[in-house]
Amino acid sequence: MRSVKSLLAAGAATLISSMAFAADMPIAAPPPMYAPPAPPADFGGWYLRGDIGMTNQSAKRIDAVLPAGFSKTTQGLGFDSSPLFDLGVGYRFNNWFRADVITQYRGRANLHGSDNVVGPAFVGNDNYSGSKSEWVVMANAYVDLGTWWCITPFVGAGLGGSYNKLSGFRDDGIQIAGGVPSSSATYFADNGKWNFAWAAHAGLAYKVNPGFTVELAYSYMDLGDAAPGNFRAFDNSISGPSTIKIKDITSHDVKLGVRWDLNSPPAYMPPPPLVTKG
């Protein structure tokens with residue numbers, strides 16, 4: 001009986017000493033808790049842009065000085081479509097407002113149109129041909145209207161200047177004066193002039209990644225006027241400065257563009273998983 005009591009006392013002493021030793025051991029720190037990433041901050045920065053597209057141009061009328069008592073009506077005045085290309089640099093001020101400056105080249109567009117001229121004992125028709133091209137420098141501002149599924153609609157406006165150049169301008173005329181029919185051909189020197197220009201923009205932007213965006217846009221452009229240089233008749237019978245002006249040139253443009261953000265925000269990377277050794 002005494003031996004059983006001795007065994008129970010020894011077991012109890014061993015258990016008590018084990019518990020005391022465990023209480024003296026340091027407790028391991030719990031693993032760090034995962035914190036979700038903070039929402040992206042509103043940011044700004046510089047970007048580069050480039051566009052290609054097609055123009056759809058028209059003009060309101062052709063002005064020219066006529067003799068007293070003469071009048072004219074213009075028919076079929078317009079231009080063929082032409083390609084456009086532009087490059088620019090811009091700055092995003094926040095997530096809804098940005099601005100840029102572009103230089104744009106608008107390729108040669110063939111001109112067509114005619115004037116019917118009526119006067120005392122006179123009736124005639126002038127058929128015009130030639131081509132037109134432009135260099136445009138413009139500052140633009142845009143408002144981004146929100147983003148859904150990485151697509152951002154936007155609107156904008158621009159102000160600047162357009163250098164409108166007429167090349168190969170020609171007037172082929174048929175007239176009846178005093179009952180006598182005749183024809184003529186008049187050639188004009190190439191000429192360019194700067195005009196005030198403005199534009200309105202609308203489109204959709206798709207953010208491919210934080211630093212690269214693709215745009216599909218429409219622009220309405222008002223490019224001012226164009227005028228040919230000095231004229232000469234085909235037989236050199238007359239020559240001199242031209243009074244012809246092509247007035248109020250406008251264009252409906254469709255463009256595909258890209259933007260490269262030069263300092264886009266860094267992408268969030270989660271912390272590495274906690275590895276413990278057992």
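In this chain, residues are counted from 1 in sequence order. Fair warning: this is a prediction, and the values are worked out from it, not measured in the lab.
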Closest heavy-atom contact between [X] and [Y]?
X      : Y      : answer
Leu145 : Thr152 : N-CG2, 4.3 Å
Gly146 : Pro153 : O-CD, 3.3 Å
Asp172 : Ala185 : OD1-CB, 3.6 Å
Lys165 : Ser167 : CE-OG, 3.9 Å

Establish, from distance only, whether the side-chain atoms of Thr74 and Asp115 form a donor-acceptor pair under 3.5 Å. yes

Please confirm whether the backbone N or O of [Y] pairs with a side-chain atom of [X], one donor and one acceptor, at under 3.5 Å?
X      : Y      : answer
Ser242 : Asn230 : no
Asn191 : Ala227 : yes
Ser82  : Gly107 : yes
Asn195 : Asp225 : yes
Thr243 : Val65  : yes

Note, [X] side chain near [Y] side chain (heavy atom, < 4.5 Å):
X      : Y      : answer
Lys72  : Asp126 : no
Pro120 : Phe70  : yes
Lys132 : Leu111 : no
Val136 : Met221 : yes

Sub-6.0 Å ring centroid separation between Phe154 and Trp96: no

Assert yes or no for the condition that the ring centre distance of His201 to Tyr218 is strictly below 6.0 Å. no

Check the surroundings of atom NZ in Lys193: do more than 12 heavy atoms from other residues, nucleotides or ligands lie under 6.0 Å from it? yes

So with a 6.0 Å cut-off around CG of Leu256, is the heavy-atom count from everything else above 12? yes

Go through it in stages, so that I can follow the logic: the residues are Tyr220 and His252, the test is side-chain contact (heavy atoms from CB on, under 4.5 Å), and I'd like the CA-CA distance, side-chain angles, deciding distance and then a yes or no. CA-CA 5 Å; Tyr220 174 81; His252 300 272; 3.6 Å; yes

With Arg49 as reference, evaluate Val89, Ile102, Leu87, Val258 under the side-chain contact (heavy atoms from CB on, under 4.5 Å) test and give the passing residue. Ile102

Classify the ring geometry of Phe169 against Phe188: parallel below 30°, tilted from 30° to 60°, perpendicular beyond 60°. perpendicular

Can you tell me how the ring of Tyr91 sits relative to the ring of Trp46, calling it parallel under 30°, perpendicular over 60° and tilted otherwise? perpendicular

If you group Ile, Leu, Val, Met, Phe, Trp and Tyr by side-chain heavy-atom gaps below 4.5 Å, do Leu216 and Ile52 land in one group? no

Verdict with supporting geometry, Phe231 and Ile244, side-chain contact (heavy atoms from CB on, under 4.5 Å): CA-CA 10 Å; Phe231 76 91; Ile244 291 177; over 6 Å; no

Determine the sole option in Arg98, Lys255, Lys207 for which the salt bridge (charged side-chain N to carboxylate O under 4.0 Å, His left out) test with Glu215 is passed. Arg98

Between Asp253 and Arg106 (salt bridge meaning N to carboxylate O under 4.0 Å), is one present in this structure? yes

Would you call Arg259-Asp100 a salt bridge at under 4.0 Å N-O? no

One should read off an interatomic distance between Thr186 OG1 and Phe234 CZ, to the nearest 0.5 angstrom, of 8.5 Å

